[in-house]
J.: 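Can you read through this structure? Questions will come right after.
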Number of protein chains: 2
Amino acid sequence: MVEKVAIAGLGLIGGSLARRLAARGVEVTAWNHRPHPYAQAEAEGIHCVPALDGLVDAEPDVLVLCNPLKAMPDMLHSLKPLLNAHPDITLTDVGSVKAEVRAQVAEAGLGECYVGAHPMAGNELSGWQAANPALYDNALWALTVDERTEYRRFLAVARLVADNVGNRLIVLDDDTHDSCAAMISHMPHVVATALINELVGDENRNIAAALAAGSWRDMTRVALTDPNRTRAMVDEDAANVEHLLRHMASRLTVVADNLRDGDADAIKSFFAEGQPFRDYKANGNGVETRNLPIPPQGWQQALLQSARRGEALTGFLDDRTARISTPKAM
Amino acid sequence: MVEKVAIAGLGLIGGSLARRLAARGVEVTAWNHRPHPYAQAEAEGIHCVPALDGLVDAEPDVLVLCNPLKAMPDMLHSLKPLLNAHPDITLTDVGSVKAEVRAQVAEAGLGECYVGAHPMAGNELSGWQAANPALYDNALWALTVDERTEYRRFLAVARLVADNVGNRLIVLDDDTHDSCAAMISHMPHVVATALINELVGDENRNIAAALAAGSWRDMTRVALTDPNRTRAMVDEDAANVEHLLRHMASRLTVVADNLRDGDADAIKSFFAEGQPFRDYKANGNGVETRNLPIPPQGWQQALLQSARRGEALTGFLDDRTARISTPKAM
């Protein structure tokens with residue numbers, strides 16, 4: 001449990017987090033690049049400050065950067081002298097790409113106090129007006145660490161997420177996070193966009209759109225969201241997305257070849273290959289809970305292996321013993 | 001309006017159609033390869049017959065084949081002598097691939113009385129127990145014709161769909177139907193399956209699955225349905241699916257190349273390309289209704305062009321004047 005949290009940026013993610021923490025009794029100090037949310041935020045018990053130094057002067061256990069990624073270098077530059085004067089404050093963020101943020105933090109000379117974080121929460125909306133504490137209901141966070149991360153820094157952010165926000169978390173290195181995010185979000189966004197481009201390029205596009213039912217609607221939904229936001233997301237994780245797109249192109253070409261050759265066995269294998277994921281989805285949510293001792297040495301790898309087994313941290317018995325859920329795994 | 005309809009096959013699609021038509025006052029005669037639905041069907045006013053000749057002896061305006069595609073050759077072989085004795089009966093079907101059915105119908109020597117049909121209705125269920133008249137609520141049908149189709153045959157099926165079932169319809173040739181169905185359903189099913197295969201093949205698959213949110217869930221939902229059914233669907237439309245998979249592979253490779261090269265303009269173009277479809281989806285459902293005269297010559301092409309404009313037939317003022325809705329178009 002942490003007592004004081006500072007939040008920079010009261011948009012959808014930061015605003016929802018501030019409201020949720022304040023409602024759960026945490027002392028929250030917040031800053032936003034424009035003051036329009038302040039009156040309502042103050043009414044909800046969120047202490048708002050006019051400048052970044054106010055966030056640091058509040059001496060929070062954790063300072064959460066909820067600003068857009070493009071504002072990150074300027075933010076870090078401004079925070080550097082402030083945080084140097086308050087070395088106990090742990091810095092984290094909520095960005096959807098982690099390697100780039102850690103590089104920016106290191107560039108600003110703030111690497112020692114940083115733990116990466118990415119809450120798997122969000123919707124198509126944005127801004128303080130859309131902020132809602134329920135956005136974090138049942139959310140899972142990915143925290144990212146490296147071999148230099150101090151355990152106490154990790155513990156501060158992990159306890160904030162598990163004890164204060166009331167969420168589950170998994171612990172990864174930045175590259176694992178970014179490649180997995182590319183797999184389940186960034187690359188599929190490109191695929192969905194390629195699908196609508198394929199339809200738009202067809203002379204029978206109105207006919208195809210008229211025939212379209214649930215499968216098409218579901219597979220193209222994400223292509224309908226703001227293409228500039230999607231493009232930024234893909235750009236930020238370009239190498240991973242590129243890699244996975246080549247895999248996908250190769251998989252689709254193999255199926256095309258098999259269809260041309262009438263290779264029934266190969267087609268059958270293609271459709272059987274994903275069975276572990278079908279079984280995983282069919283398994284339901286039978287959650288078993290148990291304790292995971294966290295070793296003093298190699299704790300980063302121990303927690304990564306736990307995540308690979310499909311486990312998530314739900315809380316702490318003490319500083320070196322996590323409670324984990326093992327919902328299901330492939 | 002037609003008065004008498006015969007239905008072969010009381011599964012999800014045929015059973016739902018029989019129940020809907022009977023409830024709307026049509027004289028329905030039905031046959032099923034197993035008699036288990038008969039007691040309940042008879043109680044709903046559907047006249048059930050023990051053999052195929054009973055369907056033809058009832059002298060329906062339209063005989064609708066709702067059997068699985070794999071049973072089609074045997075069905076047609078059995079129906080051939082019966083329909084030859086009743087040349088006024090129009091034959092149609094409800095299969096999701098049309099060129100192959102027409103070829104089978106022609107092979108059986110029944111091409112003259114045939115009009116293709118594909119109701120865009122269905123769900124993950126199957127069998128009489130799942131049959132539900134509401135399955136056809138607001139459904140769109142694709143009817144398929146060729147240059148040899150007699151107008152009166154088309155009109156019988158079109159009036160059955162519009163006046164009796166109460167649905168909208170568009171009129172296509174078989175190839176246009178099959179390539180559009182490949183676009184919005186068969187090919188995307190392969191893409192969804194390739195996505196789950198990609199995840200299953202990754203050492204971090206449990207982590208990726210844990211991070212997965214709405215975009216992944218929606219884009220892979222259809223890959224969770226019975227892979228054997230999907231495989232059969234893809235096999236039946238193999239050439240179109242192959243063609244579209246190669247297009248998709250090429251599109252994904254181009255984006256991968258652009259990401260590698262950091263070609264921001266090309267990436268921007270890629271995300272802009274599908275804008276007509278985004279606009280189309282955002283346009284809502286402002287339906288304008290007007291009359292479409294159907295010319296005696298070239299009616300097939302006239303109706304295909306209407307479908308290309310995004311129009312759908314909703315009924316008939318008289319035998320040569322359709323009512324059409326023009327909801328929206330790209």
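Here is how names work: the chains are called A, B, and so on, in the same order as the sequence lines, proteins then strands, and each is numbered from 1.
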J.: Do you know which of A/Ala121, A/Ala182, A/Ala210 has the most heavy-atom pairs under 4.5 Å to chain B?
T.: A/Ala210

J.: Minimum heavy-atom separation for A/Asn197 and B/Gly274, please, with both atom names.
T.: OD1-N, 2.8 Å

J.: Mind checking the OG-CG spacing from B/Ser250 to A/Leu252? Nearest 0.5 Å is all I need.
T.: 11.0 Å

J.: At a heavy-atom distance under 4.5 Å, which candidate from B/Ala213, B/Ala209, B/Gly214 has the highest pair count against chain A?
T.: B/Ala209

J.: Under the side chain to side chain donor-acceptor pair (under 3.5 Å) test, which residues partner A/Arg168, sequence neighbours left out?
T.: none

J.: Under 4.5 Å from any heavy atom of chain B, what part of A/Leu199 do you find: side chain, backbone, both or neither?
T.: both

J.: Checking heavy atoms, do the side chain of A/Met120, its backbone, both or neither come under 4.5 Å from chain B?
T.: side chain

J.: Do you know which of A/Arg278, A/Gln275, A/Met330, A/Glu273 makes side chain to side chain contact (heavy atoms under 4.5 Å, CB included) with B/Val200?
T.: A/Met330

J.: Looking at A/Ala208 and B/Cys180, what are the two nearest heavy atoms and their distance?
T.: N-SG, 3.8 Å

J.: Taking every non-hydrogen pair under 4.5 Å, which of B/Thr176, B/Thr193, B/Leu211 racks up the most with chain A?
T.: B/Leu211

J.: If every non-hydrogen atom of B/Ala212 is compared with every non-hydrogen atom of A/Ile184, which pair is closest and at what distance?
T.: CA-CD1, 3.9 Å

J.: Any idea which heavy atoms bring A/Ala307 and B/Asn206 closest together, and the distance?
T.: O-CB, 4.0 Å

J.: Please classify the contact of B/Ala223 with chain A as side chain, backbone, both or neither, using a heavy-atom distance under 4.5 Å.
T.: backbone

J.: Atom CG of A/Leu245 and atom CZ of B/Arg251: how far apart are they, to the nearest 0.5 Å?
T.: 13.5 Å

J.: Taking all non-hydrogen atoms of both residues, which atom of A/Met219 and which atom of B/Pro188 are closest, and how far apart?
T.: SD-O, 3.2 Å

J.: Under 4.5 Å heavy-atom distance to chain B, tell me which part of A/Arg308 shows up: side chain, backbone, both or neither.
T.: both

J.: If you tally heavy-atom pairs under 4.5 Å against chain A, which of B/Thr253, B/Leu172, B/Leu195, B/Ile170 wins?
T.: B/Leu195

J.: Are A/Asp257 and B/Arg246 close enough for a salt bridge, meaning some N to O gap below 4.0 Å?
T.: yes

J.: Among A/Arg260, A/His189, A/His243, A/Arg217, who wins on heavy-atom pairs under 4.5 Å with chain B?
T.: A/Arg260

J.: Which pairs with one or both residues in residues 195-214 of chain A pass ring pair (Phe, Tyr, Trp, His ring centres under 6.0 Å), sequence neighbours excluded?
T.: none

J.: Given that the side chain runs from C-beta out, which part of A/Ala329 has a heavy atom under 4.5 Å from chain B: side chain, backbone, both or neither?
T.: both

J.: Got a second to check how far A/Ile267's CD1 is from B/Thr230's OG1, nearest 0.5 Å?
T.: 12.0 Å

J.: Can you give me the closest heavy-atom contact between B/Pro227 and A/Phe271, atom names plus distance?
T.: CB-O, 3.8 Å

J.: Under 4.5 Å from any heavy atom of chain B, what part of A/Arg221 do you find: side chain, backbone, both or neither?
T.: side chain

J.: For a side chain to side chain contact (heavy atoms under 4.5 Å, CB included) check, start with the C-alpha distance between A/Val190 and B/Leu259, then their side-chain angles and the critical distance, and finish with the verdict.
T.: CA-CA 11 Å; A/Val190 174; B/Leu259 287 171; 5.7 Å; no

J.: Count the heavy-atom pairs under 4.5 Å between each of A/Arg309, A/Met183, A/His177, A/His118 and chain B, then report the option with the highest count.
T.: A/Met183

J.: Less than 4.5 Å apart, side chain to side chain, heavy atoms only: is that true for B/Val191 and A/Met248?
T.: yes

J.: Against chain A, work out which of B/Leu304, B/Thr225, B/Val222, B/Asn204 has the most heavy-atom pairs shorter than 4.5 Å and name it.
T.: B/Asn204

